[in-house]
Amino acid sequence: MNVRKMRLFDSENIHSSEDRDEFEKDYARLIQSPAFRRLQGKSQVFGAGSGDYYRTRLTHSLEVSQIAREVARKLCKTNPFLARREHPGLVMDPEVVEVASLAHDLGHPPFGHKGEEVLNEILTAECGMKYEGNAQNFRILMFLEKRAGSDSGLDLTAAVLLAINKYPFCLDHPGRLKGVYGMEWEGIAGLRKAWGMPDGVATLEAQLMDLCDDIAYSTHDIEDGIRAGKIQMNPSLFEDDRLVASVMQEIVDDPGNAVMHWEEVDMMQMVRQALHHYLQQWETVYVECGREPSRTRREMKARWVRKFVSGVGIIDDPVTGWKRVTFIRDGVQDLELLRTMEILKKLAWVTLIKDFRVQRLHKRSEIMIQRLWDSFRTPETGRLIIPPDWLESYERQRSKWPWERMVADYIAGMTDAYAEKVYAEFYASRSGSIYERD
């Protein structure tokens with residue numbers, strides 16, 4: 001058996017055609033799923049529906065998949081060991097990376113990272129459970145979604161599931177902030193065992209998906225921020241001591257930045273230099289593009305994506321004894337480029353997410369999610385206002401999920417607009433028809 005193409009449930013391919021490759025089936029199952037369609041109505045940075053320009057979770061995922069597929073092709077040409085396929089986790093199939101990238105944000109609830117934060121706080125405080133976007137990905141793919149002949153998610157191949165699993169840990173274990181819920185971890189752990197994956201390391205495809213997500217975030221979100229006027233391309237912003245201090249604080253507060261060894265450099269100087277270089281480059285490209293802001297935004301995005309993509313490579317990781325997908329220069333990890341990408345990510349964060357108007361929207365979304373939870377929390381009254389298909393699924397499989405998890409799943413699956421619609425039905429003065437279809 002090809003362990004990369006094995007499935008947890010439909011192992012004999014009884015419920016799928018034989019005239020397509022298994023990864024092609026995965027692609028079709030994913031893009032035709034309701035969970036994937038709902039990404040068009042979920043916030044990336046700006047609220048979905050804020051305008052016809054800004055990215056949503058759907059367009060972000062499409063862009064990540066395009067970048068990741070092209071980088072995978074490049075790596076296959078420049079790393080001969082990949083052709084030997086020595087280990088199922090040391091393989092780089094562009095098709096697998098593409099599907100994993102399309103699926104990497106399915107678990108995000110409405111209202112972006114704020115929605116994830118609020119749901120986690122509610123579940124932790126009231127139920128002793130967790131909510132985490134990466135874990136919710138697997139809950140959707142392995143349990144909540146339905147396909148013909150299956151009552152166990154989309155039943156994707158092992159290669160795709162493990163390519164989505166950038167945090168190869170059980171979230172229910174003490175101290176874990178990211179990972180996979182215990183119910184789905186059983187299946188993921190089984191696949192990892194079948195592959196002979198070392199503990200705590202991700203496949204090369206998962207690592208590439210994660211890195212390309214960061215590349216997209218650090219370039220595309222800045223483009224949206226400039227377009228929205230949140231990032232003013234002038235020295236008064238980029239040379240502001242408060243901006244530099246805010247970027248530095250976000251870097252310090254992010255536990256994931258320890259691997260970049262910021263203690264080895266003068267962080268303030270590097271942040272200042274990176275911001276200065278970005279502004280200087282903008283001014284040059286602005287002139288080259290005939291002083292057209294829209295052309296300049298696109299050109300800046302393209303150049304930075306190209307810069308990051310050209311630096312991606314694979315090196316041996318002496319710490320884990322595995323291999324690492326990262327930026328490399330002269331055969332070693334390029335920490336300078338990694339730190340530069342992190343500075344641009346934090347620039348987007350402090351200028352967009354920390355903007356007081358965005359924070360007001362976050363406060364509004366916090367209130368809505370809390371009150372939606374309160375409305376559905378009690379089974380006796382909640383079952384009267386939850387759609388029948390959710391109740392039928394819950395009754396059929398109630399041994400696998402408590403009521404509170406089902407409520408969290410229902411809220412998390414909502415788009416921004418649908419969450420607002422349901423909230424308005426409960427708490428706002430409005431007129432409408434009972435024949436409106438949900």
Side-chain angles (χ1 to χ4, degrees), residues 9 33-39 41-42 106-111 114-133 135-155 171-172 180-184 186 364-438:
F9 300 102
S33 66
F36 184 71
R37 290 197 299 274
R38 290 191 190 102
L39 292 177
K42 293 193 175 185
L106 292 181
H108 278 285
F111 311 122
K114 188 62 179 180
E116 182 179 9
E117 176 187 318
V118 174
L119 273 177
N120 184 55
E121 290 175 352
I122 291 172
L123 283 175
T124 300
E126 298 190 21
C127 312
M129 296 188 291
K130 297 178 181 178
Y131 182 92
E132 199 267 319
Q136 193 71 13
N137 278 350
F138 289 95
R139 185 155 179 80
I140 292 169
L141 294 171
M142 300 173 70
F143 180 64
L144 294 176
E145 272 295 348
K146 302 293 182 287
R147 58 174 294 272
S150 171
D151 208 24
S152 301
L154 298 181
D155 198 15
L171 186 63
D172 295 343
V180 181
Y181 299 134
M183 176 176 162
E184 290 76 38
E186 182 178 351
R364 179 169 175 265
S365 64
E366 177 183 348
I367 294 169
M368 283 194 286
I369 289 178
Q370 180 66 62
R371 298 190 74 179
L372 287 174
W373 169 266
D374 293 340
S375 300
F376 301 127
R377 171 67 169 85
T378 305
E380 291 74 20
T381 54
R383 65 176 56 251
L384 301 175
I385 51 178
I386 286 180
D389 56 332
W390 276 85
L391 295 177
E392 291 168 6
S393 181
Y394 170 71
E395 293 296 340
R396 190 168 58 250
Q397 304 179 82
R398 63 185 304 168
S399 63
K400 299 180 180 180
W401 50 344
W403 176 265
E404 294 83 0
R405 178 61 73 183
M406 187 272 284
V407 170
D409 288 339
Y410 177 52
I411 295 174
M414 295 178 176
T415 63
D416 295 14
Y418 185 68
E420 293 197 21
K421 173 183 178 292
V422 176
Y423 177 84
E425 288 177 352
F426 293 164
Y427 298 108
S429 299
R430 65 186 295 271
S431 59
S433 169
I434 63 170
Y435 298 105
E436 292 177 356
R437 296 299 297 269
D438 286 333

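Numbers here simply count residues along the sequence, with the first being 1.
- Between the Q397 side chain and the K400 main chain, no donor and acceptor come within less than 3.5 Å of each other.
- V422 places a side-chain heavy atom less than 4.5 Å from the side chain of F376.
- A donor-acceptor contact shorter than 3.5 Å links the side chain of S375 to the backbone of R371.
- Side-chain contact between V118 and F111 is absent, with no heavy atoms from C-beta onward closer than 4.5 Å.
- Between the side chain of N120 and the backbone N or O of K130 there is no donor-acceptor pair closer than 3.5 Å.
- Applying the side-chain hydrogen bond (donor to acceptor under 3.5 Å, both in side chains) test to W373 and every residue at least two apart in sequence or in another chain returns E126.
- When the ring-ring contact (aromatic ring centres under 6.0 Å, His included) test is applied to Y423, the partners found at least two apart in sequence or on another chain are Y427.
- For the residue pair G115 and I369, the shortest heavy atom distance occurs at CA-CD1, 3.5 Å.
- Evaluation of the side chain to side chain contact (heavy atoms under 4.5 Å, CB included) rule for S33 yields L30, A35, F36, E145, L154 as partners, not counting sequence neighbours.
- Partners of E395 under the side-chain hydrogen bond (donor to acceptor under 3.5 Å, both in side chains) rule, at least two apart in sequence or in another chain, are R383, R398.
- Residues passing the side chain to side chain contact (heavy atoms under 4.5 Å, CB included) test with T378, sequence neighbours excluded: E380, T381.
- A search for side chain to side chain contact (heavy atoms under 4.5 Å, CB included) contacts involving P402 returns M129, E404, R405, not counting sequence neighbours.
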Apply salt bridge (charged side-chain N to carboxylate O under 4.0 Å, His left out) to E425 and K421, showing your working. CA-CA 6 Å; E425 288 177 352; K421 173 183 178 292; 2.7 Å; yes
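- Residues passing the ring-ring contact (aromatic ring centres under 6.0 Å, His included) test with Y181: none are found, sequence neighbours excluded.
- At most 12 heavy atoms of other shown residues, nucleotides or ligands fall within 6.0 angstrom of atom CD in E186.
- A 4.5 Å side-chain heavy-atom check between W403 and I386 finds at least one atom pair inside the cut-off.
- The CZ atom of F138 sits 10.0 Å away from atom CD of E132, with the distance rounded to the nearest 0.5 Å.
- Using a 4.5 Å heavy-atom threshold, the side chains of P110 and M368 count as separate.
- S393 approaches K146 most closely through the heavy-atom pair OG-NZ, 4.2 Å.
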Could you go step by step and tell me if R139 and W401 meet the side chain to side chain contact (heavy atoms under 4.5 Å, CB included) rule? CA-CA 11 Å; R139 185 155 179 80; W401 50 344; 3.0 Å; yes
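- P109 is linked by a side chain to side chain contact (heavy atoms under 4.5 Å, CB included) to E116, L119, Y131, A412, counting only residues two or more places apart in sequence or in another chain.
- Applying the side-chain hydrogen bond (donor to acceptor under 3.5 Å, both in side chains) rule to K114 yields the partners E117; only residues at least two apart in sequence or on another chain are considered.
- With sequence neighbours left out, the side-chain hydrogen bond (donor to acceptor under 3.5 Å, both in side chains) criterion links D172 to no other residue.
- Residues R377 and C127 meet the side-chain proximity criterion, which asks for heavy atoms closer than 4.5 Å.
- Rounded to the nearest 0.5 Å, atoms CE (M142) and CG (N137) are 11.5 Å apart.
- The shortest heavy-atom contact between M414 and A419 is SD-CA, 3.7 Å.
- Between Q136 and L144 the shortest side-chain heavy-atom distance falls below 4.5 Å.
- Within the 4.5 Å cutoff, the side chain of P387 has heavy atoms near those of the Y410 side chain.
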